[in-house]
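Accompanying notes for the structure given below.
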Number of protein chains: 2
Amino acid sequence: MKTHTESEENYIKALYHLGGDQPVSNGDLAQRIGAKGSSVTQAVKRLGQKDLVNVVPYKGVQLTQQGIRLAKSILRKHRLWETFLVDKLGFGWDEVHPLAEQLEHIQSEELVDRLFKFLGSPKHDPHGDPIPERDGQMPPVLGQPIGAFTTGAEIRIVRVEDAGTEFFDQLETMNINLGNTYEIRAISAFDSSVELGSSTGSFWLSQSMCANIYAIQS
Amino acid sequence: MKTHTESEENYIKALYHLGGDQPVSNGDLAQRIGAKGSSVTQAVKRLGQKDLVNVVPYKGVQLTQQGIRLAKSILRKHRLWETFLVDKLGFGWDEVHPLAEQLEHIQSEELVDRLFKFLGSPKHDPHGDPIPERDGQMPPVLGQPIGAFTTGAEIRIVRVEDAGTEFFDQLETMNINLGNTYEIRAISAFDSSVELGSSTGSFWLSQSMCANIYAIQS
DNA sequence: CTTTTATTTTAGGCAAAGCTAAAAATTATT
DNA sequence: AATAATTTTTAGCTTTGCCTAAAATAAAAG
């Protein structure tokens, strides 16, 4: 596997995020990358010459098989580094993303493999997102939004959306962490907020909080 | 502290390595960086505009105080990452340098501080080289070449020069590691090789091996 | 089914970093 | 001290990657 520039890798990542294997528009890509459309046009042309994407002018860009493989390998690195930063260095959920964006560009298969082992061969990162395996396989995406359960259900938090600093702060102050278990005590018919109960008491979660927190029945 | 390009940081590192706070010639710098003299002329001009170096055309380039501070912070990161790779991920001595060259460019004070603590606040890296402290202070450079001791001395290996893969391989096969203790049994008057003894037996070390292995009296 | 609007591409510029080849300055040698 | 040899700089070119402004195309609206 050849070596790519950081910019190239960022485009691949963005493409994967926005469309997976589906075509993505120039505009959406530009927005995601934070560059102007004209820059994107050029960039994807370069990617096309390396067979990482297929470009249909005026129509959209689509990752090739090779592009998808690269995207997954970057995502793997990103999520492994996030795991490292949280589990080993004690960073908070909301702090790790920008750091992982730098670390994900480090080139070394060997390093990734060793890091993976060092972290205990994790299947999911600290947010509960699946970490692609070496061969590109994806572990399952866990859970469903808390609002999707019914009263009386026993649930365990398994994943949270990356919905920004304020969201993570709120989780922190409410002491909500992956692995926590609760009982669904009530669901408001008025505003869809949910009452969660545990051994230490109970509290209400707003609908928008619930929408970003995923759980499984336990 | 502003953010610098990788290229800039590489020049600063090279400058520090070659001259410390002393002027360095264009040629030496070019050789170290692996670029042509003309590229170096341009590069140092850019560094000069950022007050990282003082340039005297046709005479040489010299790090400023600010440049030295930056150089040390990069070296700190380099050696902390090397420590991480060896101590935590189990890499061998000779494998870590190129990886650390990538990792040393990651920008985050916070990350460095946490990594430092995670590694047990080390003063020296896996080769025994001093790790600059946060404030730029340098721990002592340890030991003297094995050839500098006299017969009968009890010594402990504290540092090895980065003298290439073959050297490290030789250390490996001879099972020589930092912390090992030996007695100087004999020094050849013919070729300056040295006989080292331990509880498990004794062996001879060539003069050029000795020159790259540093020890202290223990 | 045109015309207006929105999106995308082209054209031309700029900065970082590298290169080669030629000119200038320094150092070394008669 | 004058010339030869070496080193350094300048000049001009290349690629990546971004920009703005203008032209071209596609999509939406009348």
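Computed from a predicted structure; not experimentally measured. Order of the sequence lines fixes the chain letters, A, B, ..., with proteins taken first and strands second; residue numbering starts at 1 for each chain.
Across all their heavy atoms, A:Thr41 and A:Val44 have their closest contact at O-CG2, 3.2 Å.
Nucleotide D:dT7 holds its C1' atom 8 Å from the CG atom of B:Asn26, rounded to whole Å. What separates CG of B:Leu47 from P of C:dA15 is a distance of 17 Å, to the nearest Å. One can place CG of B:Asp28 at 13 Å from C1' of D:dT8, the figure rounded to the nearest angstrom. Across the protein-nucleic acid pair, A:Lys59 atom NZ and C:dT8 atom P stand 10 Å apart, rounded to whole Å. The NZ-P distance, from A:Lys45 to C:dT8, rounds to 15 Å in whole Å. Rounding to whole angstrom units, CG of residue B:Leu29 and P of C:dA17 are separated by 14 Å. B:Glu9 places its CD atom 16 Å from the P atom of C:dA16, with the value rounded to the nearest Å.
For A:Glu110, the CD atom sits in a packed shell: over 12 heavy atoms of surrounding residues, nucleotides or ligands are nearer than 6.0 Å.
Side chains of A:Asp169 and A:Asp94 form a contact here, defined as non-hydrogen atoms less than 4.5 Å apart.
Looking at B:Lys72 and B:Glu133, no side-chain N of the basic residue comes within less than 4.0 Å of a carboxylate O on the acidic one, giving no salt bridge.
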Table of protein N/O atoms under 3.5 Å from nucleotides 13-20 of chain D N/O atoms:
unit_1: D:dG17; atom_1: OP1; unit_2: A:Thr5; atom_2: OG1; d: 2.5
unit_1: D:dG17; atom_1: OP2; unit_2: A:Arg46; atom_2: NE; d: 3.0
unit_1: D:dG17; atom_1: OP2; unit_2: A:Arg46; atom_2: NH2; d: 3.4
unit_1: D:dC18; atom_1: OP2; unit_2: A:Tyr11; atom_2: OH; d: 3.3
unit_1: D:dC18; atom_1: N4; unit_2: A:Gln42; atom_2: OE1; d: 3.2
unit_1: D:dC18; atom_1: N4; unit_2: A:Gln42; atom_2: NE2; d: 3.0
unit_1: D:dC19; atom_1: OP2; unit_2: A:Lys36; atom_2: N; d: 2.9
unit_1: D:dC19; atom_1: OP2; unit_2: A:Ser39; atom_2: OG; d: 2.8
unit_1: D:dT20; atom_1: OP2; unit_2: A:Lys36; atom_2: NZ; d: 3.2
unit_1: D:dT20; atom_1: O4; unit_2: A:Ser38; atom_2: OG; d: 2.8

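A cation-pi arrangement is present between B:Lys88 and B:Phe118, with the terminal nitrogen or guanidinium carbon under 6.0 Å from the aromatic centre and inside a 45° cone about the axis.
Under the 6.0 Å cut-off for aromatic ring centres, B:His127 and B:Phe168 qualify, their centroids lying closer than that.
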